[in-house]
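These notes are about the structure you will find just below.
Chain naming here is simple, since letters A, B, ... match the order of the sequence lines and numbering starts at 1 in each. Just so you know, these numbers come straight off a predicted model, no measurement behind them.
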Number of protein chains: 2
Amino acid sequence: MLIRVNTASRRPIDGPMAAVAGPRALCSEFKYRRGSEIFGEGEHAEYIYQISYGAVRTYKLLADGRRQINSFHLPGDMFGFENSETHRFTAEAIVETHVRIMKRCNLLEAMPSEAAGSKKLIGFVTENLQHAENHMLLLGRKTSLEKVAAFLLEMDGRLAHPDVMTLPMSRRDIADYLGLTLETVSRALSILRDDKILRFHGTTQREVEMLDREKLAKLDA
Amino acid sequence: MLIRVNTASRRPIDGPMAAVAGPRALCSEFKYRRGSEIFGEGEHAEYIYQISYGAVRTYKLLADGRRQINSFHLPGDMFGFENSETHRFTAEAIVETHVRIMKRCNLLEAMPSEAAGSKKLIGFVTENLQHAENHMLLLGRKTSLEKVAAFLLEMDGRLAHPDVMTLPMSRRDIADYLGLTLETVSRALSILRDDKILRFHGTTQREVEMLDREKLAKLDA
DNA sequence: CGAAGTGTTGATTAAGATCAACATGCGTGG
DNA sequence: CCACGCATGTTGATCTTAATCAACACTTCG
């Protein structure tokens, strides 16, 4: 399912990826279609990724198919860093997604020579850890309504508080992120809609307008 | 509640702490009594810690007191690394605990000069992240029995499979680690005992003998 | 057009939480 | 040393939240 857009698109990188890898590293652009796998749990970790367009979910599965989504990645986000040789989870494009890819070994070579890059890398991993710590609190101790409120606030913040945010993920994805069923997510959203805390636009129920962020913040524990 | 054992006990460190901090760093030994706080969420992060004796829980609280324990730390484990200036969670001694303490700033100074130390540090944070990822799967998607089975297997592994393991933490601690109530933890343990998968020794119900690790592994999803 | 995917809502069930009672261990102070 | 109070742990009864089962509407896409 991997489509190389433009093999000749190798060029010096910029942005956060440059900060960790140094200015000399090169990268390529790739496209993934909606639902396609970027890498699988247990696969050899070859690249690191930065999203330029689209959205990605990373998740783990139990043997019987139960799924826990660790995190959603949006444009600008990087993922796929691994300490070991293999990926610890699966990454999939939620919608049509464009990513920049850099060889992991290039990163490793570039790193020790650049103390600043090394610090950036630690900062990046720490950021993920911090998110995971907050998410453990959510998963272990929040109610369904609190979870959904927290999710909306997280997305609102990461999308820079647009008037109407367009969620790339389905109700099932949200449920698997929050440790709920899709029905429970749907019911919680209906409650928030009935309470005039949010409003849906369009026909797909994925375009959400936040009417009362304060009330929402109070619903999140 | 902090008791300095021996102020004059500064000496060169060894072990994992030396690996990240370099051989020149110094550290002190401290004791904390059962239940006392080592550092609090939001406090300025001054030190990093390595346990030489005892056990520590790190947790986050919601405003109404609901608690989520991120992790248990046992002898040899290090904790208290922070990227930011403040601690993201609280750390408490579960039982009488002895720790080695090193100034965080010493670590930071020692780091850039030592590429190997920097890599060790990344490895350490990654290890924590990996644990958090596995724990999110547990919290979000496992049943109570699966959670308790996974907990026992984790502790068994970390205590190097002793004949009888002595759990330092209470049922409530276990519950707050697994996102359950203490009653549910107690019931799950009773089921495992009735199924001859484990046996309790002594009077406190904290000394656990693993009778059938394979069966236990099958109960963990 | 039909089929599959997505989302909402209602009815019912089940897992785990809550409420409660009781047993035992342990530390403290008389 | 014992008595008391508190912490800890188990078990039972009941309740609540979210899961499950189900029906239906709408969209999208081949």
Side-chain angles (χ1 to χ4, degrees), chain A residues 33-35 57 62 64-68 92 94-96 138-149 151 166-195 198-208 219 221, chain B residues 33-36 57 62 64-68 92 94-96 138-149 151 166-194 198-208 219 221:
Chain A
R33 41 165 103 87
R34 180 181 136 81
R57 59 182 168 239
L62 293 176
D64 62 1
R66 279 174 283 173
R67 181 177 70 158
Q68 177 63 46
E92 277 176 6
I94 296 174
V95 292
E96 164 93 8
L138 176 146
L139 290 170
R141 288 298 179 218
K142 290 188 184 179
T143 65
S144 61
L145 196 57
E146 290 168 346
K147 286 176 175 183
V148 171
F151 166 76
T166 302
L167 299 173
M169 68 290 284
S170 69
R171 299 294 189 256
R172 170 167 294 282
D173 285 336
I174 299 172
D176 285 349
Y177 180 58
L178 300 177
L180 298 171
T181 60
L182 65 92
E183 292 96 328
T184 299
V185 170
S186 180
R187 282 183 237 274
L189 288 170
S190 296
I191 288 170
L192 297 175
R193 178 201 54 198
D194 295 349
D195 285 359
L198 57 80
R199 182 161 46 177
F200 294 114
H201 289 251
T203 55
T204 61
Q205 310 292 82
R206 293 203 192 176
E207 292 170 49
V208 179
L219 286 180
Chain B
R33 15 175 119 86
R34 182 180 136 80
S36 64
R57 59 181 168 241
L62 293 176
D64 62 1
R66 280 174 283 173
R67 182 176 70 157
Q68 178 61 46
E92 277 176 6
I94 296 175
V95 292
E96 163 94 8
L138 177 147
L139 290 170
R141 289 297 179 220
K142 290 189 183 179
T143 65
S144 60
L145 196 58
E146 289 168 347
K147 287 177 175 183
V148 171
F151 165 76
T166 302
L167 299 173
M169 69 290 285
S170 69
R171 299 294 188 255
R172 170 167 294 281
D173 286 336
I174 299 171
D176 285 348
Y177 180 59
L178 299 177
L180 298 171
T181 60
L182 66 91
E183 293 95 330
T184 299
V185 170
S186 179
R187 281 183 237 275
L189 288 171
S190 296
I191 289 170
L192 297 175
R193 178 202 54 198
D194 295 350
L198 56 81
R199 183 161 44 179
F200 293 113
H201 288 250
T203 55
T204 61
Q205 310 293 82
R206 293 204 192 177
E207 291 168 50
V208 179
L219 286 180

Next on the checklist: Tell me every residue that passes salt bridge (Lys or Arg N to Asp or Glu O under 4.0 Å) with A/Arg206, counting only those two or more places apart in sequence or in another chain.
Outcome noted: none
Item to check | Set of residues satisfying salt bridge (Lys or Arg N to Asp or Glu O under 4.0 Å) with respect to A/Arg171, sequence neighbours excluded | outcome: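 With sequence neighbours excluded, A/Arg171 shows a salt bridge (Lys or Arg N to Asp or Glu O under 4.0 Å) to no residue whatsoever.
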Just so I know, are the side chains of [X] and [Y] near enough to count as touching, which here means a heavy-atom distance under 4.5 Å?
{"X": "B/Leu145", "Y": "B/Leu192", "result": "yes"}
{"X": "A/Val148", "Y": "A/Leu180", "result": "yes"}
{"X": "A/Phe200", "Y": "A/Leu189", "result": "yes"}
{"X": "B/Leu167", "Y": "B/Asp173", "result": "no"}

Checklist entry - What's the verdict on side-chain contact (heavy atoms from CB on, under 4.5 Å) for A/Lys142 and A/Leu178, showing C-alpha distance, side-chain angles and the deciding distance? => result CA-CA 10 Å; A/Lys142 290 188 184 179; A/Leu178 300 177; over 6 Å; no
From [atom1] of [X] over to [atom2] of [N], roughly how many Å is that when rounded to an integer?
{"X": "B/Glu207", "N": "D/dG9", "atom1": "CD", "atom2": "P", "result": "12 Å"}
{"X": "A/Leu145", "N": "D/dT16", "atom1": "CG", "atom2": "P", "result": "18 Å"}
{"X": "A/Glu183", "N": "D/dT17", "atom1": "CD", "atom2": "P", "result": "18 Å"}
{"X": "B/Leu198", "N": "D/dT10", "atom1": "CG", "atom2": "P", "result": "10 Å"}

Next on the checklist: Contact list please: residues 167-175 of chain A against DNA chain D, heavy atoms, distance less than 4.0 Å, in numerical order.
Outcome noted: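 Hits under 4.0 Å, by residue number: none.
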Checklist outcome for this item: One should read off an interatomic distance between A/Leu198 CG and A/Ile191 CD1, to the nearest 0.5 angstrom, of 11.0 Å
Next on the checklist: Distance check, rounded to the nearest 0.5 Å: B/Glu96 atom CD versus B/Ser36 atom OG?
Outcome noted: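 Reported to 0.5 Å precision, the distance equals 8.5 Å.
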Next on the checklist: Students often get this wrong, so: under 4.0 angstrom with heavy atoms, is B/Gly179 touching a base, only sugar-phosphate, or nothing?
Outcome noted: sugar-phosphate
Checklist entry - Is a side-chain donor or acceptor of A/Gln68 paired with a backbone partner of A/Asp176 at a separation under 3.5 angstrom? => result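 Checking the backbone N and O of A/Asp176 against the side chain of A/Gln68, a donor-acceptor pair under 3.5 Å is found.
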Checklist entry - When you measure from the side chain of A/Arg141 to the backbone N and O of B/Arg66, does any donor-acceptor pair fall under 3.5 Å? => result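 No, the answer is negative, given that no donor and acceptor are paired below the 3.5 Å cut-off.
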Checklist outcome for this item: For A/Val95 and A/Pro168 the tightest heavy-atom approach is CG1-O, 3.8 Å
Checklist entry - Can you name the nearest heavy-atom pair linking A/Gly179 to A/Leu139, along with the distance? => result N-CD2, 3.8 Å
Item to check | Of B/Thr181, B/Leu182, B/Val185, the residue whose pairing with B/Arg172 passes side chain to side chain contact (heavy atoms under 4.5 Å, CB included) | outcome: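 Answer after filtering B/Thr181, B/Leu182, B/Val185: B/Leu182.
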Checklist entry - Which ones in residues 184-191 of chain A lie close to DNA chain C, meaning a heavy atom under 4.0 Å from one of its atoms? => result A/Ser186, A/Arg187, A/Ser190
Checklist outcome for this item: With B for base contact, S for sugar-phosphate-only contact and - for none (protein heavy atoms under 4.0 Å), nucleotides 25-30 of chain D reads --S---
Checklist entry - Which residue lies toward the 5' end of DNA chain D, B/Arg34 or B/Arg193, if each is placed at its nearest nucleotide? => result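 On the 5' side of the pair lies B/Arg34.
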Item to check | Global bending angle along the helix from C/dC1-D/dG30 to C/dG30-D/dC1, which compares the axes of five pairs at either end, to 10 degrees | outcome: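 The angle separating the two end axes equals 40°.
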Item to check | Selection from D/dG9, D/dT10, D/dA18 that lies nearest to any side-chain heavy atom of A/Leu180 | outcome: D/dA18
Item to check | A/Glu92: side-chain contact (heavy atoms from CB on, under 4.5 Å) partners, not counting sequence neighbours | outcome: A/Glu37, A/Arg57, A/Tyr59, A/Thr90
Item to check | Residue pairs passing the salt bridge (Lys or Arg N to Asp or Glu O under 4.0 Å) test where at least one lies in residues 182-193 of chain A, sequence neighbours excluded | outcome: none
Would you list the protein and nucleotides 2-5 of chain D atom pairs, both N or O, that sit under 3.5 Å from each other?
none

Checklist entry - Can you tell me if the side-chain N/O atoms of B/Gln205 get under 4.0 Å from OP1 or OP2 in D/dT10? => result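 So the side chain of B/Gln205 is within the cut-off, an N or O lying under 4.0 Å from OP1 or OP2 of D/dT10.
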Item to check | side-chain hydrogen bond (donor to acceptor under 3.5 Å, both in side chains) involving A/Thr143 - partner list, sequence neighbours excluded | outcome: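 With neighbours one apart ignored, the set is A/Glu146.
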Item to check | For A/Ser186, all residues meeting side-chain hydrogen bond (donor to acceptor under 3.5 Å, both in side chains), sequence neighbours excluded | outcome: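 Result, side-chain hydrogen bond (donor to acceptor under 3.5 Å, both in side chains) vs A/Ser186: none returned.
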Next on the checklist: Students should find this one: the first and last nucleotides of DNA chain C, 5' to 3', lying under 4.0 Å from a heavy atom of chain A. What are they?
Outcome noted: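 Extent of the interface on DNA chain C: C/dT6 to C/dA11.
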